[in-house]
Amino acid sequence: MSDELCLLSATALLRGYRLKHFSPLEATQAILRRIDRLDPQLNAFCLRDDEAALGQARAATERWARGRPEGRLDGVPTTIKDLLLTKGWPTLRGSKIVDPAQPWAEDAPSVAPVRAENAVFLGKTTTPEFGWKGVTHSALTGITRNPWNLERTPGGSSGGAAAACAAGLGALHYGTDGGGSIRIPAGFTGIVGLKPSFGRVPAFPASPSGTVAHVGPMPRGVADAALMLPVMSRPDSRDWYQFDHPCHDFRQDLEPRLAGLRVAYAPTLGHHKVDPEIARLVETAALRFRELGATVEQAAPELPDCGPIFRILWFVGAAHFLAAFTPEQREQVVPGLRRSAEEGAKVSLFDYRATVKARESVGSLLKRFHARYDLLLTPTLPLAAFQAGIDFPPGDGGWVDWTPFSYPFNLSQQPAATVPCGLTSAGLPAGLQIVGPMHRDGLVLKAAHAYETLVGGFPVPPLARAQ
């Protein structure tokens, strides 16, 4: 039963607590033992606090035993990405230049309400230095590995969260996404990842990458994303960008049918190369939406090349962020991030303003596209997970080059989810990206859930099953 608990969804755990089949303490103990066994291979955690987790789990167990749980997540084992402030724990952001000797006295806006709902915090998950790239390794924490194949990367920058999730090292996981950093690792590790509409989940301090950055859930199933999202979205006055909205219960949107929806399928999003095996898996998944009652046709928005737009916005943000550190500290930063910042520092104000206008055009174009189509389906990634420990696949010049399906929707700020859609012949996951109109997060979750129901759920890695 112990290992079975580790692979249960948060939804199933809460049901089991209610029926007294098992307790939060039993679930937490099982997961901590599993972390002991698997994390030396995966390196998904940069901080563990077993004592605190067990104390929270014991308190949750007492509440459930009395039949008086407190909070929607009471007793659910959860991890926090090490870019998000967490009270009592250092947030080093994968970097040696962040001083750990600070008060660490507050939770990030997305973390505070999950704590208030009495989730059990297991620890913090790894990220590349300041979350700057689409893979997860750093001089501070080393290489994080993919549970489907330990020689492969889990992607990034939320790679620790993705590896932990896929391996059953917690039920709920935090990710951040400034250009694909939720969807890339979720796609590479065969889990669910949601980048919500910008402004839905509050953030503080604001991301160095500005208004392309999102915070979202990374669970193994869609129902758990719908469970976690409204909790994370509790309004917080520290975030000037958060739009004023009620915390809608997205579980109400989950249905097994998509009758009447107009779905566009863009296999290359216009012009991007996709590995043939990935392309076949994604196409098979996209066409299955017809079985759900949707109308599916091949169509793509006529986007410009979004790479240069994204690069300028992101690299200028990196330059501004690193300027706050001393020259000696900047010398300790990973060379790739330093080069990005140096490139950003060369951008003129005129060129930056032109880039902002180009971004506005992308957002307007996609908004008009969604007047014709309710949803847009694309590959999450054009390839399967590549070698761990390198910054980008051989032949590519940077992480923007090999992630063309993710960052356009950071520019447009739309909700976008990835769900697993099969395995390659090498046994590596492929991902289907589901993009919805701005603020239609519930529609994206509904479509993801309907697909998950149709295929009968998503597989777990052999590493997770073998325990």
Side-chain angles (χ1 to χ4, degrees), residues 39 43-49 52 78-112 115 121-144 154-164 173-179 181-182 185 202-210 212-215 236 238-239 314-342 344-345 389 391 399:
D39 199 51
N43 190 32
F45 285 82
C46 57
L47 181 150
R48 288 178 58 181
D49 193 340
T78 302
T79 74
I80 315 293
K81 182 179 179 180
D82 195 35
L83 291 184
L84 297 170
L85 292 175
T86 311
K87 187 176 181 179
W89 292 345
T91 300
L92 301 183
R93 309 180 79 181
S95 180
K96 291 183 174 182
I97 69 172
V98 176
D99 182 6
Q102 300 181 43
W104 308 114
E106 65 179 328
D107 286 325
S110 61
V111 174
R115 187 191 296 276
F121 286 176
L122 300 170
K124 305 202 81 171
T125 53
T126 55
T127 179
E129 189 165 27
F130 298 117
W132 83 276
K133 57 188 174 182
V135 292
T136 301
H137 55 266
S138 73
L140 180 68
T141 59
I143 299 172
T144 299
S157 64
S158 307
H173 307 266
Y174 279 82
T176 65
D177 192 315
S181 288
I182 287 173
F204 179 84
S207 168
S209 53
V212 298
H214 306 235
V215 181
D236 191 297
R238 288 175 289 175
D239 185 351
W314 204 94
F315 290 178
V316 167
H320 182 266
F321 173 71
L322 287 186
F325 294 94
T326 66
E328 293 75 20
Q329 288 174 315
R330 290 197 293 272
E331 282 299 313
Q332 298 178 58
V333 170
V334 64
L337 178 54
R338 279 207 315 273
R339 288 193 296 269
S340 298
E342 290 164 2
D391 285 352
W399 70 266

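Note that the structure is a prediction, hence the values are computed from the model and not measured.
- Residues meeting the side-chain hydrogen bond (donor to acceptor under 3.5 Å, both in side chains) test with Q329, sequence neighbours left out: T326.
- Residues meeting the side-chain contact (heavy atoms from CB on, under 4.5 Å) test with S138, sequence neighbours left out: L140, T141.
- Residues passing the side-chain hydrogen bond (donor to acceptor under 3.5 Å, both in side chains) test with S110: none are found, sequence neighbours excluded.
- When each of T125, T86, T176 is tested with K81 by the rule side chain to side chain donor-acceptor pair (under 3.5 Å), just one qualifies, namely T176.
- Here the side chain of T126 pairs no donor or acceptor atom with the backbone of F45 at under 3.5 angstrom.
- No side-chain donor-acceptor contact under 3.5 Å links S157 to the backbone of W132.
- A donor-acceptor pair under 3.5 Å is absent between the side-chain atoms of S158 and the main chain of G175, judged by distance alone.
- With sequence neighbours left out, F321 forms a ring-ring contact (aromatic ring centres under 6.0 Å, His included) with F130, F325.
- H137 is linked by a ring-ring contact (aromatic ring centres under 6.0 Å, His included) to nothing, counting only residues two or more places apart in sequence or in another chain.
- Side chain of D177 to backbone of H214: no donor-acceptor contact under 3.5 angstrom is found.
- No donor-acceptor contact under 3.5 angstrom links the side chains of S340 and K133, judged on distance only.
- For the pair F204 and D239, the minimum side-chain heavy-atom distance is 4.5 Å or more.
- Remark: P335 pairs with R338, R339 by the side-chain contact (heavy atoms from CB on, under 4.5 Å) rule, at least two apart or across chains.
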